[in-house]
Amino acid sequence: MSSSSSPAAVAQARPAPPPARALPNGLAAFLVFFSSGAVLVLETVALRLVGPYVGVTLEVTSSVIGIALGAIAYGAWTGGWLADRRDPRALIAPALVLAGIATAVTLPVVRYAGEVLRGGAASAVLLLTALAVFVPAALLAAVTPLVVKLQLADLRRTGQVVGRLSGIGTLGGITATLLTGFVLVAALPSSVILLALAVLLGGTGLGLGAYLHRQGRAGLAGAGAGLPGPGRTKAVLAVLGLAGAGLTTVAPNPCDVETAYHCASVETDPGRPSGRALLLNSAQHSYVDLADPTHLEYAYTQWIGAAADVAAPAGQRLDALHLGGGGFTVPRYLTATRPGTDNAVFEIDGGLVELDRRELGVRPGPGLRIEAGDARVLLDAEPADSRDLVVGDAFGHLVVPWHLATREMAAGINRVLRPGGIYVQNVIDYPPGRFVRSELATVAAAFRHVALVAPPDAVAGRTGANFLIVASDAPLPLAPLAGRVNALPEAAIVLAGDVLTSFVGDALVLTDDYAPVDQLLATA
């Protein structure tokens, strides 16, 4: 009688496949740390990329954070789903290489798309931020669940493995955020940061693929074969990466200089050879005539000049403090019209000051003291009763930074002003004019006398414009101010007293505890 074995017996006799081999703990930790950190580098730099086209507002910042978190969520979900259906070793290296390619392509894509999507519309903001961060961040977020799957060889240590790698990923994100914010952005242009990150990601992916390929050739259990696909596929990936880097060199660049805070450029006025316009994030912020410091191009600077002209007898020197430097137009004007004036300028962007020195001829000296730093912080160190004029002209894109728009800030400015001193603040707002009304109410909470200079159409709520708030604890020289304003080329009116009170209405007084500046500026 035959003694042939049954199929079940044959199956039992075959050796079981070797157990899946986890990555070395150090390599697994590095991959999670590096990929998580790379996402945060992308998120931080994305704000710099989109700023020249859609501004740097709370909505833009929120969009970048939201899109990045969405990419992390979808990437982690997809990575976990794939980890249960495919060998993670065959996916980690390609994910890193593809993330590197997507990072290299990000810069030219954003710059070309930004030229089309300029403006602050919510749809433009969301689309541009998605183009800047979503694809590479999603690919990088998929790495952690793939690595976690590989390391779960012992179900009794699941919590320990997941907790350790999650913690390492969080530390990678924290490290990258601090390194990018404190060091990289201040030291390198965004293009260099992105291209360097793309090279690191691609190199790491290729190195990991080669390592796993060697493991496979050595016959180690569960070792992957590196980057999958035929040589043609790998060649296409290489071409895509090189194309992304190449497009970066020809993509339109809105910056002459990328500072820690702005994409800045200086343009020559074709109608005035000595005229220079300073653009910050592609918006005109200052105009300087290199040959004539008394020339004030923009209406709001003319209003500031008019307020300064009536602040004291003609030609009398002033002690002036400027919150925001820009192109240093007003300090030049005061020095030219009131010799001996002492101008102290607080400008947060030291890189912008260097650009002004190089392109606009700004020269610190006995009559011009420049301090690089936040105006709110520097104001606290100014002596009380030390200034005749304070000029508030600080902006983040087209928005007054919220902490410079509060009642506490206005009170600090009042402390620095001498009795009878004048504070002028430049504000930009759009219909229905909620922010300028709130800022008037806020300044009025710190000063006894307040006036407003603005175009009639802007006061009527028909158009957006610059508004100039004028304030003092002493009665304002309204008649001389109105006379000078009425003599200017652009129509403007001076509001004060009951007319101004009616215009302000019951507007919100902004405080350090509650100052929704961006929301007030949003058109409704």
Side-chain angles (χ1 to χ4, degrees), residues 51-52 55-56 254-308 320-337 341 343-364 367-375 389-401 404 424-429 453 464-469 488-490 492:
V56 184
C255 313
D256 286 342
V257 173
E258 189 175 340
T259 71
Y261 294 89
H262 299 105
C263 165
S265 61
V266 174
E267 295 182 351
T268 300
D269 183 353
R272 183 185 291 264
S274 58
R276 300 291 185 272
L278 172 66
L279 282 70
L280 302 180
N281 295 330
S282 298
Q284 289 192 8
H285 273 249
S286 299
Y287 186 100
V288 172
D289 189 324
L290 300 179
D292 181 9
T294 66
H295 176 77
L296 301 175
E297 179 75 11
Y298 302 145
Y300 83 89
T301 58
Q302 296 169 5
W303 303 337
I304 294 175
L321 173 61
H322 306 262
L323 311 179
F328 289 73
T329 305
V330 176
R332 291 170 186 266
Y333 176 83
L334 294 178
T335 298
T337 58
T341 290
N343 291 288
V345 180
F346 296 162
E347 171 56 57
I348 194 170
D349 193 345
L352 177 59
V353 174
E354 290 302 315
L355 177 65
D356 289 336
R357 293 188 190 200
R358 187 170 63 254
E359 299 288 341
L360 302 180
V362 172
R363 296 290 182 269
L368 178 60
R369 171 171 61 95
I370 303 173
E371 292 194 44
D374 189 280
L389 175 69
V390 175
V391 180
D393 195 18
F395 284 84
H397 191 55
L398 301 178
V399 180
V400 178
L404 303 184
V424 293
Q425 181 187 5
N426 179 28
V427 170
I428 297 175
D429 200 6
V453 183
N466 290 84
F467 298 78
L468 187 72
I469 299 172
L488 295 172
E490 184 172 321

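Since the structure is predicted, the reported quantities are computational estimates derived from the model, not experimental observations.
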Give the intermediate values and the outcome of side-chain contact (heavy atoms from CB on, under 4.5 Å) for residues Arg358 and Val257.
CA-CA 11 Å; Arg358 187 170 63 254; Val257 173; 3.2 Å; yes
Are [X] and [Y] close enough that some pair of their side-chain heavy atoms sits under 4.5 Å apart?
X	Y	result
Leu321	Phe346	yes
Trp303	Leu488	yes
Asn343	Phe328	no
Arg369	Val345	no
Val288	Leu278	no
Leu323	Val390	yes
Ile348	Tyr261	yes
Thr329	Tyr333	no

On a heavy-atom basis, which atom in [X] and which in [Y] lie closest, and how many Å separate them?
X	Y	value
Arg276	Pro273	NH1-O, 2.7 Å
Ala372	Gly350	CB-CA, 4.4 Å
Ala394	Leu404	CB-CD1, 3.6 Å
Leu280	Ala264	CD2-CB, 3.7 Å
Glu347	Gly326	OE1-N, 3.3 Å
Val362	Gly327	CG2-O, 4.5 Å

Partners meeting side chain to side chain donor-acceptor pair (under 3.5 Å) with [X] (sequence neighbours left out):
X	value
Asn426	Asp393, Asn466
Gln425	Tyr423, Glu439
Thr341	none
Asp349	Thr259, His262

With [X], which residues qualify under side-chain contact (heavy atoms from CB on, under 4.5 Å), at least two apart?
X	answer
Glu267	Leu279
Ala308	Leu334, Leu389
Arg363	Arg357

Contacts of Glu359 that satisfy salt bridge (charged side-chain N to carboxylate O under 4.0 Å, His left out) - sequence neighbours left out
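Once residues adjacent in sequence are excluded, Glu359 has no partner under the salt bridge (charged side-chain N to carboxylate O under 4.0 Å, His left out) criterion.
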Report the C-alpha separation of Ile469 and Val424 in whole Å, then their side-chain angles, then the decisive distance to 0.1 Å, and conclude whether the side-chain contact (heavy atoms from CB on, under 4.5 Å) test is met.
CA-CA 5 Å; Ile469 299 172; Val424 293; over 6 Å; no
By the side-chain hydrogen bond (donor to acceptor under 3.5 Å, both in side chains) test, which pairs, at least two apart or in different chains, include something from residues 286-299?
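Counting only pairs at least two positions apart or across chains, the side-chain hydrogen bond (donor to acceptor under 3.5 Å, both in side chains) contacts touching residues 286-299 are Asp269-Tyr287, Arg272-Asp289, Ser274-Asp289, Gln284-Tyr298, Asp292-Thr294, His295-Glu297.
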